[in-house]
Amino acid sequence: LSEAQKIHDLSLEEVIEELADARGQLEAQQQALYLLERSAIEGMEKLGATVVMGEDWEATLSTPISYDYSILARLREITSPDDLKGYTPERDVVKREAERWNMTQAKTLSKLSHQHREIIEDAKIPGFPRITIKKKK
């Protein structure tokens, strides 16, 4: 509230100067944040660590996974329609909807054969690793 009052008392020129300074500080902080995150991710990956604990925090490294649908398409060729879980075929609605795979369900197809498992593994597209830091209570 006191910061808002200070800004309210400034002239337009002073507000613009403060804004320019604040943007510069924010940009510097964002660059520092990016470099620190990359360094932490690289350090954890080098150690093979997914969790690092401090006295009052815990950092968790996770890598989101997406799947290449052109590779998953091979599952349709080797799987009976009765066993094909997690798959929604392309269809015409009011607009054309692309095929979809619910991989939470479709991953169970890997139990059908080695070929199924290989296709699912080939289709994986790892995302960028992320670090989540939680304060301990």
Side-chain angles (χ1 to χ4, degrees):
L1 191 60
S2 63
E3 285 296 315
Q5 186 59 42
K6 288 178 192 174
I7 292 171
H8 203 44
D9 295 338
L10 298 176
S11 69
L12 178 58
E13 289 80 10
E14 291 170 326
V15 167
I16 292 172
E17 282 181 33
E18 288 290 321
L19 175 60
D21 288 345
R23 283 185 176 168
Q25 291 172 14
L26 178 60
E27 186 175 317
Q29 286 292 316
Q30 287 173 328
Q31 289 173 355
L33 178 65
Y34 172 78
L35 293 173
L36 288 167
E37 282 181 348
R38 288 302 322 150
S39 181
I41 288 168
E42 289 168 8
M44 289 178 77
E45 286 176 337
K46 186 176 180 181
L47 289 175
T50 56
V51 176
V52 176
M53 293 187 191
E55 256 184 61
D56 59 347
W57 53 265
E58 179 179 304
T60 306
L61 180 66
S62 62
T63 302
I65 299 288
S66 59
Y67 291 86
D68 183 333
Y69 282 12
S70 66
I71 296 172
L72 289 175
R74 293 184 288 187
L75 290 172
R76 290 191 317 262
E77 299 167 10
I78 64 168
T79 309
S80 125
D82 295 338
D83 291 333
L84 200 57
K85 293 183 173 74
Y87 174 69
T88 304
E90 182 175 76
R91 60 185 180 198
D92 287 323
V93 186
V94 175
K95 60 180 182 180
R96 186 166 192 86
E97 274 188 9
E99 66 180 358
R100 294 190 315 247
W101 289 90
N102 176 338
M103 292 310 295
T104 302
Q105 294 174 0
K107 280 193 260 184
T108 61
L109 296 174
S110 66
K111 296 176 184 175
L112 294 177
S113 73
H114 291 297
Q115 191 177 7
H116 283 82
R117 187 172 19 266
E118 286 174 15
I119 291 170
I120 291 171
E121 285 300 311
D122 285 348
K124 282 185 178 179
I125 305 169
F128 292 104
R130 292 187 276 232
I131 291 184
T132 304
I133 301 173
K134 294 181 183 174
K135 293 278 187 182
K136 292 182 181 175
K137 293 179 182 179

Measuring from atom [atom1] of [X] to atom [atom2] of [Y], what distance do you get when rounded to the nearest 0.5 angstrom?
X     : Y      : atom1 : atom2 : answer
Gln30 : Glu37  : CD    : CD    : 11.0 Å
Ser39 : Lys46  : OG    : NZ    : 10.5 Å
Thr60 : Lys134 : OG1   : NZ    : 6.0 Å
Ser80 : Ile78  : OG    : CD1   : 11.5 Å
Thr88 : Gln105 : OG1   : CD    : 8.5 Å

* Given Ile65, Thr108, Leu109, Leu72, the one that forms side-chain contact (heavy atoms from CB on, under 4.5 Å) with Met103 -> Leu72
* Asked: Same cluster or not: are Val52 and Leu36 linked, directly or through other Ile, Leu, Val, Met, Phe, Trp or Tyr residues, by side-chain heavy atoms under 4.5 angstrom apart?
  -> no
* Asked: Is there a path from Leu75 to Tyr69 through hydrophobic residues (I, L, V, M, F, W, Y) whose side chains come within less than 4.5 Å of each other?
  -> yes
With a 3.5 Å cut-off and sequence neighbours excluded, list the donor-acceptor pairs that the side chains of residues 118-131 form with protein atoms.
residue: Glu121; atom: OE2; partner: Lys124; partner atom: NZ; Å: 3.2

Shortest non-hydrogen separation from [X] to [Y] and the atoms involved:
X      : Y      : result
His116 : Ser113 : ND1-OG, 2.6 Å
Trp101 : Arg76  : CZ2-CG, 4.2 Å
Glu58  : Met53  : OE1-CE, 3.6 Å

* Asked: Can Arg91 and Glu97 be counted as an ion pair, charged N to O under 4.0 angstrom?
  -> yes
* Start with the C-alpha distance between Leu10 and Glu18, add both sets of side-chain angles, then the distance that settles side-chain contact (heavy atoms from CB on, under 4.5 Å), and finish with yes or no. => CA-CA 9 Å; Leu10 298 176; Glu18 288 290 321; 3.8 Å; yes
* Residue Gln29 excluded, over 12 heavy atoms near CD under 6.0 Å -> no
* Just wondering, more than 12 heavy atoms not from Gln115 lying within 6.0 Å of its CD? -> no
